[in-house]
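Quick note: residue numbers are just sequence positions, from 1.
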Amino acid sequence: MRARPVAPAALLLPLTLLLAACGGSSGAAGAGGGAGSGTDGKGSLTLNVGDQKGGYEALLRAAGELDDLPYKIKWSTFTSGPPLLEAVNAGAVDVGGVGNTPPVFAAAAKSKIKVIAGTHSSSAGETVLVKKGSPLKRPVQLKGRSIAVAQGSSAHYQLIATLKKAGLTPKDVTLNYLQPADALAAFTRGKVDAWAVWDPYTSQALDQADARVLTTGQGVVNGLGFQVAAPAALDDKKKSAALKDYTDRVRRAQNWVFKHPDVWAKAWAKETGLPDKVALDAVKRTRGTAVAVAVDKGAIASEQQIVDSFAALKLIPRSFDFGEFVDPRFNGDLPPSSTAPRTYGKAQ
């Protein structure tokens with residue numbers, strides 16, 4: 001859904017462009033699916049990769065990992081995780097990166113997907129925001145309040161888990177299901193009391209929307225993100241080898257980001273329209289902290305908690321075994337999913 005121009009354009013435009021991998025249910029950028037954004041590499045094999053604005057294509061390019069590709073990558077850009085996974089299910093995309101919650105909704109719908117690689121990042125950017133002048137000081141005070149959140153997003157689960165920890169349920173609050181651009185407008189105009197969201201929106205709202213953090217996802221959500229592939233691509237010997245190479249390149253690029261946060265922040269800001277300061281804040285708070293981890297029993301168990309929580313609230317049509325949607329063939333010698341994220345110290 002297109003955002004209404006009710007917030008300052010300089011703030012809203014980057015947010016509209018940046019609906020991230022954690023995001024909810026909005027459509028893809030382009031009619032009927034992902035918008036093509038070019039091809040890299042050479043050779044007879046083409047790997048179709050789903051991405052999001054300022055996502056893995058920009059990351060791999062900045063890190064030099066798209067140089068000397070022995071196969072082609074055809075990029076398609078989506079506005080959020082759910083439509084990207086719809087494309088994986090349809091076989092239009094071979095692989096794409098998403099947050100911890102879109103695979104739960106896709107698997108609940110019996111989509112043909114397999115989680116093949118994981119990362120563990122800081123959850124400091126997963127926040128519930130309130131205005132600086134808000135009387136709300138603790139999550140328990142959200143009772144009876146209105147909260148904006150993107151349905152089916154990582155923020156959706158973070159909010160549910162935060163409420164549960166405070167002894168509340170979704171029935172104790174009024175949920176306004178809004179994508180970030182619309183949520184920003186509602187938050188800015190005081191139409192909602194709080195906003196559950198993720199980075200870079202957290203960093204941008206703190207810098208430009210008079211926001212403060214009521215609570216974060218630290219100790220509440222798992223901080224996992226995934227590369228999700230089409231089973232047909234995994235069954236193809238040549239594509240499976242390309243998928244292994246692609247996930248290795250992503251891992252190396254994430255290592256590069258941690259070592260070069262300022263360089264990546266500038267490249268990310270240029271790609272997305274984010275202010276340089278906001279981009280660097282988001283990199284140091286969340287985006288640069290990712291460490292590649294195995295999609296192991298711990299990751300599966302953690303995702304199962306999300307499955308069970310959404311199923312109990314009837315937010316997905318059924319419960320299921322998340323492990324059935326995981327292919328661990330690329331785990332190799334990666335560290336366990338419980339491995340602590342990297343840190344730059346206190347976020348600015």
Side-chain angles (χ1 to χ4, degrees), residues 21-24 81-82 85 88-89 95-126 151-167 169-170 196 198 215-229 231 234 243 247 250-251 254 286 289-343:
C22 303
L85 293 187
V88 173
N89 175 59
V95 67
V98 298
N100 65 359
T101 304
V104 169
F105 278 76
K110 301 183 179 180
S111 295
K112 296 186 287 291
I113 62 167
K114 290 288 185 179
V115 174
I116 63 168
T119 58
H120 188 198
S121 304
S122 169
S123 298
E126 294 266 359
Q151 188 172 18
S153 67
S154 61
H156 194 179
Y157 177 68
Q158 185 245 337
L159 177 58
I160 288 171
T162 294
L163 292 173
K164 183 177 181 180
K165 187 175 180 179
T169 74
W198 59 91
T215 187
T216 76
Q218 298 282 60
V220 178
V221 297
N222 61 24
L224 296 176
F226 300 110
Q227 293 291 329
V228 182
L234 289 164
L243 286 169
T247 57
V250 168
R251 173 177 52 79
Q254 289 164 333
T286 308
T289 67
V291 57
V293 295
V295 188
D296 55 14
K297 290 182 179 179
I300 292 170
S302 185
E303 288 295 295
Q304 192 65 47
Q305 292 181 19
I306 301 178
V307 172
D308 294 342
S309 295
F310 278 120
L313 294 168
K314 302 188 184 304
L315 294 171
I316 56 175
R318 67 188 183 98
S319 187
F320 58 91
D321 179 0
F322 189 83
E324 293 180 358
F325 294 85
V326 170
D327 187 322
R329 71 177 71 181
F330 300 141
N331 278 349
D333 59 356
L334 287 171
S337 59
S338 58
T339 301
R342 295 158 168 144
T343 179

Restricting to ring pair (Phe, Tyr, Trp, His ring centres under 6.0 Å), what partner residues turn up for Phe325, sequence neighbours left out? Phe320
Side chain of Gln218, backbone of Ser123: donor and acceptor closer than 3.5 Å? yes
Can you pull the salt bridge (Lys or Arg N to Asp or Glu O under 4.0 Å) pairs that have at least one residue in residues 317-333, sequence neighbours excluded? Asp327-Arg329
So how far is it from Trp198 CH2 to Thr101 OG1, rounded to the nearest 0.5 Å? 9.5 Å
Going by side-chain hydrogen bond (donor to acceptor under 3.5 Å, both in side chains), name the pairs with one or both residues in residues 108-117, residues two or more places apart or in two chains. none
How far apart are the closest heavy atoms of Ala340 and Val291, and which atoms are they? O-CG1, 3.7 Å
Donor-acceptor pair between Asp296 and Ser337 side chains, under 3.5 angstrom: yes
Examine distances only and state if a side-chain atom of Thr289 and a backbone atom of Ser122 form a donor-acceptor pair shorter than 3.5 Å. yes
Salt bridge (charged side-chain N to carboxylate O under 4.0 Å, His left out) involving Arg251 - partner list, sequence neighbours excluded: Asp248
Compile the donor-acceptor pairs under 3.5 Å between side chains in residues 308-317 and protein atoms, sequence neighbours left out, one pair per line.
{"from": "Asp308", "atom 1": "OD1", "to": "Gln304", "atom 2": "NE2", "distance (Å)": "3.2"}
{"from": "Asp308", "atom 1": "OD1", "to": "Ser319", "atom 2": "OG", "distance (Å)": "3.4"}
{"from": "Ser309", "atom 1": "OG", "to": "Gln305", "atom 2": "O", "distance (Å)": "2.9"}

Where Thr339 and Pro336 come nearest, the two heavy atoms and their spacing: OG1-O, 2.6 Å
Nearest 0.5 angstrom please: Ile306 CD1 to Gln158 CD, how far? 11.5 Å
Which heavy atom of Ala294 sits nearest a heavy atom of Asn331, and at what distance? CA-OD1, 3.5 Å
For Ala117, the side chain to side chain contact (heavy atoms under 4.5 Å, CB included) test, sequence neighbours excluded, returns Gln227, Thr247
Which pair of heavy atoms, one from Leu334 and one from Val293, lies closest together, and at what distance? CD1-O, 3.8 Å
Which heavy atom of Phe330 sits nearest to which heavy atom of Leu234, and what is that distance? CE1-CD2, 4.0 Å
So OG1 of Thr169 and CG of Leu163: to nearest 0.5 Å the spacing works out to 7.5 Å
Decide side chain to side chain donor-acceptor pair (under 3.5 Å) for Gln254 and Thr119; before the verdict, give the C-alpha distance in whole Å, the side-chain angles of both, and the deciding distance to 0.1 Å. CA-CA 9 Å; Gln254 289 164 333; Thr119 58; 4.6 Å; no
Mind listing the closest non-hydrogen atom pair of Pro103 and Val115 along with its distance? CB-CG2, 4.4 Å
I need the Thr216 OG1 to Glu126 CD distance, nearest 0.5 Å. 9.5 Å
Check for a donor-acceptor pair, side chain of His120 on one end and backbone N or O of Asn222 on the other, with a separation under 3.5 Å. yes
